[in-house]
Amino acid sequence: MTRPFSKVLIANRGEIALRVHRACQEMGIRTVAVHSTADASAMHVRLADESVCIGPPPARESYLNVAAILSAATITGAEAIHPGYGFLSENARFAEMVEAHGLTFIGPTAEHIRMMGDKIAAKDAMRRLGVPLVPGSLGALESLEEARAVAEQVKYPVLIKAAAGGGGRGMKVARHEGELEEAWRVARTEAKAAFGDDSVYMEKYLDRPRHIELQVLADTHGNVVHFGERDCSLQRRHQKLVEEAGSPVLSAAERDALGAQVTKALRELGYRNAGTLEFLWQDGQFAFIEMNTRLQVEHPVTEMVCGVDLVREQIRIAGGEALGYGQEDVRFSGHAIECRITAEDPESFAPSPGRVSTYHAPGGLGVRVDSALYSGYAVPPHYDSLVAKLVVHAPTRAGAIARARRALDEMVVDGIRTTLPLHRRIMDDPEFQSGDYTIHWLERFVSRAG
Amino acid sequence: MTRPFSKVLIANRGEIALRVHRACQEMGIRTVAVHSTADASAMHVRLADESVCIGPPPARESYLNVAAILSAATITGAEAIHPGYGFLSENARFAEMVEAHGLTFIGPTAEHIRMMGDKIAAKDAMRRLGVPLVPGSLGALESLEEARAVAEQVKYPVLIKAAAGGGGRGMKVARHEGELEEAWRVARTEAKAAFGDDSVYMEKYLDRPRHIELQVLADTHGNVVHFGERDCSLQRRHQKLVEEAGSPVLSAAERDALGAQVTKALRELGYRNAGTLEFLWQDGQFAFIEMNTRLQVEHPVTEMVCGVDLVREQIRIAGGEALGYGQEDVRFSGHAIECRITAEDPESFAPSPGRVSTYHAPGGLGVRVDSALYSGYAVPPHYDSLVAKLVVHAPTRAGAIARARRALDEMVVDGIRTTLPLHRRIMDDPEFQSGDYTIHWLERFVSRAG
Amino acid sequence: MSNGVTVDADAIRKLAEILRDTDLTEIEVAEKDARIRVARVIPAPAPAQYFAAPAMAPMQAMAAAPAQAAAPAAPAAAPAPAAAPSLDASHPGLVTSPMVGVAYLSPEPGSAPYITLGAKVTAGQTLLLIEAMKTFNQIKAPKAGTVTRILIDNGTPVEYGEPLVLVE
Amino acid sequence: MSNGVTVDADAIRKLAEILRDTDLTEIEVAEKDARIRVARVIPAPAPAQYFAAPAMAPMQAMAAAPAQAAAPAAPAAAPAPAAAPSLDASHPGLVTSPMVGVAYLSPEPGSAPYITLGAKVTAGQTLLLIEAMKTFNQIKAPKAGTVTRILIDNGTPVEYGEPLVLVE
């Protein structure tokens, strides 16, 4: 068996730390877990071969504490660091420091992380590389007059967005010319406040788009392969709740065409490791919105339909191995759905940390659970509310929905409130079952009586 | 979605009752669980849409109580009965009575169950149909002289077996002529005592065979498709412990050749529903030993490599639906391994029923657990010791073994003794990893120090 | 309560507190003639809470319904009120069903029932019939006594062990 | 409680503690007329027992090893004896590591250590160094007192919160 490293430090917590640990263990690689004092009895700490406490509960002093993590890698003799998602996973400076310490960062180069972290630079790059974009300004808007001109050109409604933005902050819609000036001002003020940078740019506002993203792997030998799309349109406040592979609206030919454009672009860019290009899709048109230079929460749905272990591939690539297969070897089989179960009230979405009195995972054919829960575990209040990902796979989309429904019925997380009831409602909903939904669907669904 | 029945009674318990329930629920079919008083709080009872207590703990008075089960079906309005494995699943009389009550038996015809239940009749049929057999007597031996003549012809060592046999009773080896007479006498005496019938037959004794079986589905429209082989050579006292799909020794061409012979035979036989033909394999030669006219415990490994839901297919076939696909549509992908976790001491194999204080199922990519356990459940002492099937799937056999190993490490069944430690040892063993083992391997492995 | 039992509430509460604090499940304190024993069951999660409760199923409803002797004859599959008065299954005069089937209170449709509430019965007297597999099985009184409850309606499906009649 | 039961809370709590330490499930103590009996149900396995214990990992060994002040300097990654005396992390005089790194007891290789067992220290006096990210961080005494335990060896890797020195 190939074993690119003998020891890997996992700079994360929760289900994704466990996910990386599992891949490492199956590859015969020893793991080092790092954890805050709040996570001393967490699953990723218990299962890891070694563990190092790196700080107090606040993430800033532990999971975002670069010095502590690098020290932990040094004293344990880890050869590489997997950042998971969130935390330091898209921190170019961290990636640089890891390499400066003679360790391998399991991810892209710092240069590419930085490029894709700047939303304007990312779009510039993708435009040059021939990836379709939302019509809009070619970079930051210098003035209100320029904004007005661009809006005339792409036609209202338009969206003004912070160049350094994310999470919906510094983002304003102008539905007609009369709304433009205020949208311009507010977006800039918010951008300045949130990111310390008031650069904004403009895009045509799509009123009923879907969020469709493409998973890519690139090795250090120039091979780039895509693993098809994920439809992540079911979002609430920009948080994905349910993801599917493939998208109910995409044909194999459309997937192939987009995949060819994207892999060509990343090959030219010299990108390496895992990456995801996010698109808005409306009326058959794709528009690039951003690229995530890391593993995504929803990567399992891709693994289910392609039969690939994306984390294993990330580690192999970081170790300098060639993919060893081409685009023609990637086959898509059946349909997969992921339900993100969070420790939140299923109606108010109020966080619900606390002790899990009983945890029982569903089982059987086509059911995968990625979770760091166990009976007796206390979900700490300091971190993300994601506690379990239920992933199902079946030959058809209808079969996957039926499987998700029965697995949700078997799943027990007692002692805290979770979004399990909401997921059951979604799976039962005829509109969801029809596949005809946009990124606005879930907000309306949630606001309906439970 | 197709729904051949609106309500199905599951005439079984434990993980297989749950397995059938899951398939029904995903098809939109309501389920009726039957149970003994010992199983009132069992998982299959809790999850079923309806449940009926059919008798006291002894299986003879509950799970083998035909009258109680048929009454339960009648009073609940079930349209079909799935027998699972064991209990009444290969009872031709039960299948007849189910049909006589106007219900559908989810399985083969009583005639075929009866034919395959008689080991001599089964071999006669398979011989006529061109399926390869172990060289031996053409039916029951009339006399010691005949036995001697057949043994001369097929060459020693030979095996004398009860016609009505099973479970190793009424089975004796004669390694040379001097041992024949005693083997003949003892086998007949045991056969008489165990089965009330002293008919015996003779087979060439294979000294280092593998147990390889072929999974078949046949609909009522003449379509017969096979789903490849399972290697079940890892047995202790004729009980399978670990199963793999595919077999480490079989090439795709050999699988295709055997599959073609078998599907042709079953098509001629007019067989329907699921069935498994068991073979001994040695030096590239297959020899039919028996056919199981039901779902097998180890069916999940086939499901993993073929992406088929065998229970769903059984139900569809029983509902009169055509398979809807041909042999060319069945694809084999990767490798699957099943570990049967039993409530037994991992060294002495002493049964260990009792309360499970903590049950924690492993998760992540390529891991499936079929188990009726939950934290707080008391494993009753009345029934089979199988408490969980851990099934893993990976692109390669080595990957599947590594995945099984890490999943076994994550799995927790506290409060009772289980064979989890034994399975960890097997996965770690270089000989098992090499794939070079026979049906005798496990007995020797187990007898080695733990 | 001059010569009865003195309930020393304070002492009991004190013991209960210790029990809670210490993870003990039982404390017994005895002194001369007095003895206090406090115990608690560690609330191992109750089985019934482990799983998403399935919709009340007909058979489960049936199991509960017969316990309400005074209830109007409801359709067998109608959901029973949740709080049907329960009867201890080990009650010595309780006659339970020895088989799965359909219970009949009279020998044939339209005829008088075998028993009525308050009737005196002798040991071995037929109380009702259970039809299973097209045969009618007589369910007999295990002892002489008075019929104090009839727990099933005529024509009700019954499961094994289900309470039928109380003879006291 | 003249004619009631005397609740000897101290005795009960003491018995509870013994019960916990010994894994017993019941203790009964009788003396003349008095009798105390305590029992407990062994709780569902504590979290630490839920999972197949991984091989003793270096860092876990490190966490345990420093507690043995008198032990000979063992290689950092050597497995620690299971029963290292434990120190309550909330002990007021305990100095714990504010960072992950490597602890050094002297300013430079070969020089005299900052402190020795039994030394008097003043508040703010440097006790040791922790190297993290190639910088050496002085760990200072939080209060004046006597060094009663030194819980790490020179050159030992330490994790966040790990006990270093006890000043009493």
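Residue numbers begin at 1 in each chain, while the letters A, B, ... track the order of the sequences.
By the neighbour-count criterion of 12 heavy atoms within 6.0 Å, atom NZ of K120(C) is sparsely surrounded, having that number or fewer from other residues, nucleotides or ligands.
Within residues 55-65 of chain B, the residues that have a heavy atom under 4.5 Å from a heavy atom of chain C are G55(B), P56(B), listed by number.
Using a 4.0 Å cut-off between charged nitrogen and carboxylate oxygen, R93(B) and E96(B) count as a salt-bridge pair. Using a cutoff of 4.0 Å between basic side-chain nitrogens and carboxylate oxygens, R417(B) and E344(B) are not scored as salt-bridged. Taking 4.0 Å as the cut-off between side-chain N and carboxylate O, E303(B) and R368(B) count as a salt-bridged pair. Salt bridge D414(B)/R355(B): absent, no basic N to carboxylate O contact under 4.0 Å. Salt bridge E90(B)/R294(B): present, at least one basic N to carboxylate O contact under 4.0 Å.
Comparing A72(B), A68(B), S36(B) by heavy-atom pairs within less than 4.5 Å of chain C, the highest count is held by A68(B).
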